[in-house]
Amino acid sequence: MTEQNRPNESQVPEQYKRSIRSFVLRQGHMTAAQQKAIDTLWPDFGIDYQTDAIDLNQRFGRDNPKVLEIGFGMGVATVEIAKRLPEKDFLAIDVHGPGVGNILKLIEEEQVGNIRVMRHDAVEVVENMLADGSLDGIHIFFPDPWHKKRHNKRRLVQSPFIAKLLPKLKTGGYIHLATDWEEYAVQMLEVLSGFDNLRNTAENYAPTPDYRPETKFEARGKRLGHGVWDLIFTKME
């Protein structure tokens, strides 16, 4: 995958210099259709950031399993997953304006009702808006690998960030990561394996679940001989 096409724009700067953030801002062109989708659909499917915890059941209008997705890119895979798992509700977070507009556009086109969208730093959302034990799953697919060694510290999947996420998961909930960068996959495996209350569902890397669709970037990478690694861990307590 090229950096500009990567579906998640997440990063973690050095923890001791400044607070963790879930993204790096990049400019992008908002189409008229994407802007229209934001203008017309945000009241129904958007959630504004606030500093108090929210009732996810109230926001979705039902008491169903809730899954957090961090970094949905243009939203194509997110919408497809929501269609494949209609019994689950998805809180999708990204900061990329065109992506927010595009996922809202897709929600309307595909008539998907089990997604709510936020445009904000996911770390602040996790810290302030999500109650402990409120999530049944967490998805982080193809985060920016920051492949240069001097930039590895900016990667999203590091122990301090996972430590913020885990209290939000119910016992028995899962965290599903995917990457097309092998060295990052090794780091992800080491990070998740470092938590005593997480159990790997596979010996190392997991088979790709049926609910996660193959993205066009992933398919192109496979044609070029690139690998893809999924990791799925469940919370034991």
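Here the structure is a predicted model, which means the values were calculated and not measured.
A salt bridge links Asp132 and Lys168; the closest N-O separation between the charged side-chain nitrogens and carboxylate oxygens is under 4.0 Å. Note on Asp89 versus Arg62: salt bridge recorded, some NZ/NE/NH1/NH2 to OD/OE distance being below 4.0 Å. The pair Glu218-Arg212 meets the salt-bridge criterion, with a side-chain N (NZ, NE, NH1 or NH2) lying under 4.0 Å from an Asp/Glu carboxylate O.
When all heavy atoms of Arg59 and Gln50 are compared, the pair lying nearest together is NH2-OE1, 3.5 Å. Contact detail for Phe90 and Leu85: the closest heavy-atom pair is CE1-O, 3.9 Å.
Separation of the His176 and Phe141 ring centroids falls under the 6.0 Å cut-off.
Trp229 and Tyr205 have perpendicular rings, their planes meeting at more than 60° on a 0 to 90° scale where under 30° would count as parallel.
Dense packing is recorded around CG of Asp55, with more than 12 heavy atoms of other residues, nucleotides or ligands lying under 6.0 Å away. The neighbour count for Lys170 NZ, taken as heavy atoms of other residues, nucleotides or ligands under 6.0 Å away, is above 12.
The only member of Val123, Leu91, Leu165 that meets side-chain contact (heavy atoms from CB on, under 4.5 Å) when paired with Ile70 is Leu165.
Judged purely by distance below 3.5 Å, without hydrogens or angles, the side chains of Asn128 and Thr51 never pair a donor atom with an acceptor atom.
Once rounded to the nearest 0.5 Å, the distance linking CD of Gln158 with CD of Gln187 reads 5.5 Å. One finds the OG1 atom of Thr201 at 7.5 Å from the CZ atom of Phe233 (value rounded to the nearest 0.5 Å). Distance check: Phe45 CZ to Ile115 CD1 gives 9.0 Å after rounding to the nearest 0.5 Å.
For Arg199 (side chain) and Asp196 (main-chain N/O), no donor-acceptor pair under 3.5 Å exists by modelled atom type. Using modelled atom types, one side-chain atom of Lys235 and one backbone atom of Leu166 make a donor-acceptor pair closer than 3.5 Å. In terms of modelled atom types and a separation under 3.5 Å, the side chain of Arg155 and the main chain of Pro145 share a donor-acceptor contact. Checked by atom type and distance alone, the side chain of Asp63 never pairs as donor or acceptor with a backbone atom of Asn57 at under 3.5 Å.
Met236 and Leu177 fall into different hydrophobic clusters, where Ile, Leu, Val, Met, Phe, Trp and Tyr are joined by side-chain heavy atoms under 4.5 Å apart, directly or via other members. Placement of Tyr49 and Leu56 within a single hydrophobic cluster is found when ILVMFWY residues are connected by side-chain heavy-atom separations under 4.5 Å, directly or transitively.
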